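Remarks on the structure that follows.
All figures in this text were calculated on a predicted structure; none of them were measured in a lab. This chain uses plain numbering: 1 for the first residue, then up along the sequence.
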Amino acid sequence: METVVRYGIVGVGMMGREHMVNLSYLRSEGAVLTSVADPHPPSLNLAVDLSLSLQFPPLQVFKGHRELLDSGLCDVVVVSSPNMTHFEILMDIIKHPRPHHVLVEKPLCTTVQDCKKVVKAAAKRPEILVQVGLEYRYMPPVAKLIEIVQSGTIGQIKMVSIREHRFPFLVKVNNWNRFNANTGGTLVEKCCHFFDLMRLFTAANPVRVMASGSIDVNHKDEIYDGKVPDIIDNAYVIVEFNNGSRGMLDLCMFAEGSKNEQEISVVGDTGKGEAFVPESIVRVGSRSDGRPGVRTFEAQDKRIKYEGLHHGSSYLEHLDFLAAVKAQSSSDGSPAVDLNDGLLSVAIGVAGQLSIKEGRFVTIDEVLSAY
């Protein structure tokens, strides 16, 4: 008989409802959505309507996360509330007398200081699994490229280049994502995904960061409560790693006229691999074979039952975390994306934001010790 794992979702805006749909496809794996919490009535109403269309059992609905935690209805809590609320919610979950496993949307928190406090608190609750929602590593072409790199096919990794050319930030509840104070800044809010991938590809940790960026096109004519948004819409970011490798991010959020949203290039000392999203194409070649020897193939994952907003990566993320939760009782379960991954992805973003502000290289030690 399949083990039943009860889920609650805190924050049922766009991403929270996306999690609801993903969980509906995991019912055969034992996932059951029992409750949701959100202080925003329109979001709660949309979640209830969605639950009916997905044919979930009647949901318990709460205005706040504390009521959800106290209800005893959940084994796992998905945190998909606005970035600036993550810290308080996570600390309440971790300190709650009843243990709840956690899947928290990226970024872990908006500041390095808050991330470190969460890591410290969670260390005192080893019975709780906490996975950070850096799901881009699950996208089929990205996952295939990770596999190629880790197999040694292209040798020792020296350079990682990630280009994201996409549309502007979407409209969110009360426009919370228009301001650095709420998001942590674009390099934290959006780009923690790519800094996480750089660490995976290089198999190394960041040392220092140099960035250049600004707000040049988007949101400049918007005003909220008398304030103009301050989130950057484009940047170049260079990250140096402790094994001598380098990463570079090219971000543009006014580039809707792009065939691919993400283009990733990883170069080793004997070859090169590339991944393209959403084309779902992977290319790999060697220095010895040159251009004629470059192989191109489509990356697919037949496990995906729901593509959703992120090309099936959120579904695979849930599938992976659910397996870890089930295995946790036998001490074999561990999150694929842990709190240290979340912390360092935020630290690189914070260093990048500071580098843009002050026009200098910023070391990771500096932000880990001061922020």
Side-chain angles (χ1 to χ4, degrees), residues 13-15 81-87 105-115 133-134 136 161-198 206 208-239 247-264 277 309-310 345-364 366-367 370-371:
M14 182 188 72
M15 198 59 212
S81 56
N83 298 3
M84 67 284 188
T85 68
H86 287 188
F87 174 67
E105 268 299 330
K106 61 79 193 170
L108 175 58
C109 299
T110 58
T111 69
V112 171
Q113 183 181 33
D114 285 349
C115 288
L134 294 163
Y136 278 34
S161 175
I162 301 178
R163 169 182 287 169
E164 180 171 65
H165 282 195
R166 56 162 278 173
F167 48 88
F169 280 119
L170 300 173
V171 175
K172 297 293 182 74
V173 173
N174 295 327
N175 302 291
W176 67 265
N177 64 339
R178 294 303 196 252
F179 298 95
N180 291 331
N182 295 333
T183 67
T186 299
L187 298 184
V188 173
E189 150 65 11
K190 186 72 203 71
C191 302
C192 57
H193 280 302
F194 307 120
F195 302 138
D196 175 61
L197 293 179
M198 287 180 188
R208 65 175 188 165
V209 178
M210 180 67 188
S212 174
S214 64
I215 178 169
D216 286 333
V217 175
N218 300 336
H219 316 305
K220 298 178 76 171
D221 58 349
E222 300 173 13
I223 299 176
Y224 305 100
D225 296 327
K227 298 178 181 178
V228 176
D230 60 358
I231 48 169
I232 63 172
D233 59 15
N234 70 101
Y236 292 112
V237 184
I238 298 170
V239 184
M248 191 273 288
L249 172 68
D250 166 3
L251 174 72
C252 181
M253 300 190 69
F254 44 90
E256 293 93 328
S258 302
K259 185 170 185 178
N260 284 295
E261 193 169 312
Q262 289 93 24
E263 300 178 1
I264 302 173
V277 180
L309 300 175
H310 298 101
S345 69
V346 169
I348 298 171
V350 168
Q353 293 284 152
L354 184 60
S355 177
I356 291 171
K357 180 180 179 182
E358 299 189 357
R360 63 179 178 90
F361 266 107
V362 176
T363 67
I364 296 300
E366 177 184 345
V367 298
Y371 289 85

### Message
Looking at His219 and Asp230, would you say the former's side chain and the latter's main chain have a donor-acceptor pair under 3.5 Å?
### Response
no

### Query
Counting heavy atoms not belonging to Asn174, are there more than 12 under 6.0 Å from its CG?
no

#### Entry: Flag if over 12 foreign heavy atoms under 6.0 Å of OH, Tyr236
no

### Message
Regarding Asp250 and His165, do their side chains bring together a donor and an acceptor under 3.5 Å, going by distance alone?
### Response
yes

Gap separating the [atom1] atom of [X] from the [atom2] atom of [Y], nearest 0.5 angstrom:
X	Y	atom1	atom2	result
Met253	Cys191	CE	SG	7.5 Å
Ile238	Leu249	CD1	CG	10.5 Å
Leu134	Lys106	CG	NZ	9.0 Å
Glu263	Ser258	CD	OG	7.5 Å
Leu354	Leu187	CG	CG	11.0 Å
Ile231	Gln353	CD1	CD	10.0 Å

So do the side chains of [X] and [Y] get within less than 4.5 Å of each other, counting heavy atoms only?
X	Y	result
Leu197	Ile162	yes
His193	Ser345	no
Phe254	Arg166	no
Asn218	Phe169	no
Phe195	Val237	yes
Val350	Thr111	no
Met210	Met248	no
Pro82	Val173	no

Between [X] and [Y], is there a side-chain N and carboxylate O pair less than 4.0 Å apart?
X	Y	result
Arg360	Glu366	yes
Arg178	Glu222	yes
Glu164	Lys190	yes

### Message
Applying the side-chain contact (heavy atoms from CB on, under 4.5 Å) criterion to Lys220, which one of Val228, Ile215, Asp233 satisfies it?
### Response
Ile215

Closest approach of [X] to [Y] (non-hydrogen atoms, all atoms of both residues):
X	Y	value
Ile232	Gly213	CG2-C, 4.4 Å
Gly352	Ala211	O-CB, 3.6 Å
Val367	Val112	O-CG1, 3.6 Å
Asp114	Cys109	CB-CB, 3.8 Å

#### Entry: Phe194 and Tyr136 aromatic ring geometry - parallel, tilted or perpendicular at 30°/60° bounds
perpendicular

### Message
Once you measure the plane-to-plane angle for Tyr224 and Phe179, does it fall in the parallel (<30°), tilted (30-60°) or perpendicular (>60°) bin?
### Response
perpendicular

### Message
Testing Asn83, Asn182, Thr183, Thr110 one by one against Glu189 for a side-chain hydrogen bond (donor to acceptor under 3.5 Å, both in side chains), which residue passes?
### Response
Asn83

### Query
Where do Glu261 and Val277 land on the side chain to side chain contact (heavy atoms under 4.5 Å, CB included) test, with the steps shown first?
CA-CA 6 Å; Glu261 193 169 312; Val277 180; 5.7 Å; no

### Task
In sequence, state the C-alpha distance, the side-chain angles, and the governing distance for Ser214 and Asn234, and then conclude on side chain to side chain contact (heavy atoms under 4.5 Å, CB included).
CA-CA 6 Å; Ser214 64; Asn234 70 101; 3.9 Å; yes

